[in-house]
**Student:** 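Got a structure here, written out as structure tokens. Questions coming.
Worth knowing before you read on, the calculation uses all heavy atoms, side chains too, and leaves out hydrogens, waters and symmetry mates. These numbers come from a predicted model, not from an experiment.
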Amino acid sequence: MKKLFKIMRDRLSAGEDLVLVTVIASSGATPRGAGARMLVGAGGRLCGTIGGGSVEYRSEHIAAERLEKRASLVHDFSLTKDDVQNLGMICGGAVNVFFHFIPAGDGNAIAVADEALRRFAAGESFWLVSDLAGDGRLSLVNRDDCPEWLSAHLNAHPQRVNEGGRDVFVEQMNSSGRVYIFGGGHVAQALEPVLTGAGFRCVVMDDRSEFAKRELFPSAEEIKLIDFNRIADSVTITGEDYVCVMTRGHAFDTVVQAQVLPMHPYYIGVIGSRAKAAGVRQQLIENYGISEADCDQVTTPIGLDIKAETPAEIAISIAAQLIEVRAGRAAK
């Protein structure tokens with residue numbers, strides 16, 4: 001989304017009309033769910049996707065029509081059995097798409113894009129609100145400045161909200177949550193770029209300077225050289241965050257978990273065998289006073305069971321699990 005906001009700001013400022021295409025509702029086996037977006041200009045799609053295939057192709061043509069008519073539109077693709085065949089789709093369902101016409105130089109849209117880019121850079125949580133009843137006017141909100149009627153809908157699930165005569169689409173653009181990776185070894189080096197590419201913000205930490213170097217993690221948000229015995233001196237982990245523990249030994253894994261578990265991150269996964277996990281769990285309970293309930297929050301072995309063996313394969317299994325966890329969080 002950062003790229004979309006940047007292109008939107010630059011193109012509008014340069015005098016180009018745009019259409020922001022957004023899936024505002026979907027059901028069945030549609031290509032993309034609510035929140036999928038693409039930006040269309042005079043020359044066609046500029047960035048983003050709503051799933052490819054014929055629906056996206058037809059949406060580009062509808063967007064071109066919106067540019068000519070200089071007006072917004074909500075269009076329903078009802079993918080019945082015949083529609084699926086006619087559209088060349090391999091899946092059915094219904095898709096509601098909002099085509100938001102944004103005129104060149106639109107001061108509100110440019111200001112929203114500027115502010116969104118600032119909030120991305122600052123690592124702030126925020127939501128984008130599109131006023132469907134008011135021709136798509138965009139605004140940004142966070143939990144502190146959100147209208148009371150909308151506050152209950154600020155979660156990770158993109159949704160259309162009809163309440164009190166209002167009709168808006170609200171979607172979280174950025175979360176303050178990060179993935180804290182403890183240990184900068186081979187698995188971490190394979191994992192971080194996969195997670196970053198999937199939209200996670202990664203912080204990699206190690207207590208060895210040779211494993212806490214930017215050249216090993218060029219796309220990470222931060223790399224920190226820390227003392228594993230004093231984690232709170234370097235980072236503050238919240239309920240928005242994910243934790244991946246993959247240090248160089250059982251002792252360090254235990255020390256890290258003993259400090260992180262009371263912070264109650266949204267997810268904590270630990271690399272290693274079930275036998276290792278059982279031993280660490282016993283130490284956490286007996287030596288650190290960690291409760292059984294807190295220990296139950298640990299996912300170990302980390303990652304989906306895809307028979308992964310190499311660091312690259314293990315990284316994919318971990319990334320897949322975090323994507324699954326994030327998707328489940330959005331559905332709540």
Side-chain angles (χ1 to χ4, degrees), residues 1-9 12 18-27 32-39 48 50 72 74 96-103 106-179 199-201 221 236-242 263-267 322-323 325-332:
M1 283 301 297
K2 284 190 288 187
K3 180 180 178 181
L4 186 147
F5 280 119
K6 184 178 186 306
I7 292 174
M8 183 170 74
R9 179 196 63 189
L12 291 173
L18 300 174
V19 172
L20 178 60
V21 183
T22 305
V23 176
I24 57 175
S26 65
S27 62
R32 291 287 303 276
R37 298 178 190 264
M38 68 178 179
L39 191 65
I50 59 169
S72 300
V74 175
N96 308 106
V97 182
F98 180 51
F99 296 84
H100 175 201
F101 172 73
I102 311 174
D106 186 293
N108 175 72
I110 292 171
V112 165
D114 271 332
E115 178 61 14
L117 292 170
R118 185 199 69 77
R119 295 189 188 193
F120 273 118
E124 299 176 7
S125 294
F126 68 96
W127 285 257
L128 177 67
V129 181
S130 302
D131 186 353
L132 304 182
D135 207 30
R137 182 178 174 86
L138 302 174
S139 60
L140 303 179
V141 299
N142 58 35
R143 295 195 186 279
D144 296 327
D145 63 14
C146 179
E148 186 175 350
W149 65 270
L150 187 59
S151 60
H153 303 284
L154 296 190
N155 53 48
H157 180 57
Q159 57 192 296
R160 186 173 186 173
V161 180
N162 288 279
E163 190 170 321
R166 305 176 183 92
D167 186 7
V168 303
F169 183 76
V170 58
E171 180 187 6
Q172 187 170 25
M173 292 287 103
N174 195 47
S175 169
S176 59
R178 293 170 170 81
V179 180
F200 291 94
R201 302 163 59 203
E221 184 172 284
T236 300
I237 295 172
T238 74
E240 293 285 314
D241 300 317
Y242 305 78
M263 299 177 183
H264 301 292
Y266 188 76
Y267 165 93
L322 264 66
I323 291 169
V325 169
R326 181 174 63 181
R329 183 179 191 174
K332 290 182 178 178

**Student:** What closest approach, in Å, do L4 and R37 show between heavy atoms, and which atom pair accounts for it?
**Tutor:** CD1-CB, 4.3 Å
**Student:** Quick one: pull up CE in M263 and OG1 in T236 and give me the separation to the nearest 0.5 Å.
**Tutor:** 7.0 Å
**Student:** Looking just at side-chain N and O atoms, do N174 and R119 make a donor-acceptor pair shorter than 3.5 Å?
**Tutor:** no
**Student:** What pair of heavy atoms forms the shortest contact from N142 to S125, and how long is it?
**Tutor:** CB-O, 3.7 Å
**Student:** For the residue pair Y242 and F200, is the inter-centroid distance of their aromatic rings smaller than 6.0 Å?
**Tutor:** yes
**Student:** Kindly give the heavy-atom pair with the smallest separation between R137 and H100, and that separation in Å.
**Tutor:** N-NE2, 4.2 Å
**Student:** Should the ring pair F5 and F126 be called parallel, tilted or perpendicular, given that the plane angle runs from 0 to 90° and is split at 30 and 60?
**Tutor:** tilted
**Student:** Suppose we screen for side-chain contact (heavy atoms from CB on, under 4.5 Å). Which residues come up paired with A111, at least two apart in sequence or across chains?
**Tutor:** none
**Student:** Between CZ of F101 and CG of L20, what distance do you get to the nearest 0.5 Å?
**Tutor:** 12.5 Å
**Student:** Just verifying a value: how many Å separate R9 CZ and D114 CG, rounded to the nearest 0.5 Å?
**Tutor:** 5.0 Å
**Student:** Counting N and O atoms only, with roles assigned by atom type, does the side chain of D106 sit under 3.5 Å from a partner on the main chain of P103, one being a donor and the other an acceptor?
**Tutor:** no
**Student:** Which atom names give the shortest non-hydrogen contact between L140 and L128, and what distance separates them?
**Tutor:** CD2-CD1, 3.6 Å
**Student:** Determine yes or no for a side-chain-to-main-chain donor-acceptor pair under 3.5 angstrom, with S130 supplying the side chain and G136 the backbone.
**Tutor:** no
**Student:** Got a sec, which residues hit side-chain contact (heavy atoms from CB on, under 4.5 Å) with R166, two or more places apart in sequence or on another chain?
**Tutor:** W149
**Student:** To the nearest 0.5 Å, what is the distance between CD on Q172 and CG on L154?
**Tutor:** 8.5 Å
**Student:** For residues Y267 and V325, report the shortest heavy-atom separation together with the two atoms involved.
**Tutor:** CD1-CG2, 4.0 Å
**Student:** Run the side chain to side chain contact (heavy atoms under 4.5 Å, CB included) check on M8 and L18 step by step: do they pass?
**Tutor:** CA-CA 8 Å; M8 183 170 74; L18 300 174; 4.0 Å; yes
**Student:** Applying salt bridge (charged side-chain N to carboxylate O under 4.0 Å, His left out), name anything that partners K3, two or more places apart in sequence or on another chain.
**Tutor:** none
**Student:** Quick check on salt bridge (Lys or Arg N to Asp or Glu O under 4.0 Å): which of R118, R143, R201 does E124 satisfy it with?
**Tutor:** R118
**Student:** Distance check, rounded to the nearest 0.5 Å: I110 atom CD1 versus L12 atom CG?
**Tutor:** 5.0 Å
**Student:** On a heavy-atom basis, which atom in V170 and which in H153 lie closest, and how many Å separate them?
**Tutor:** CG1-O, 4.1 Å
**Student:** Would you find a donor on one side and an acceptor on the other, under 3.5 Å apart, between the side chain of N108 and the backbone of L138?
**Tutor:** yes
**Student:** Starting at CD of E148, measure out to CG of L150 and round the result to the nearest 0.5 Å.
**Tutor:** 11.0 Å
**Student:** So if I apply the side-chain contact (heavy atoms from CB on, under 4.5 Å) rule between V168 and each of I24, V161, L132, N162, which one comes out positive?
**Tutor:** V161
**Student:** Using the side chain to side chain contact (heavy atoms under 4.5 Å, CB included) rule, take F120 and M1 through it: C-alpha gap first, then chi angles, then the decisive distance, then the call.
**Tutor:** CA-CA 9 Å; F120 273 118; M1 283 301 297; 4.0 Å; yes
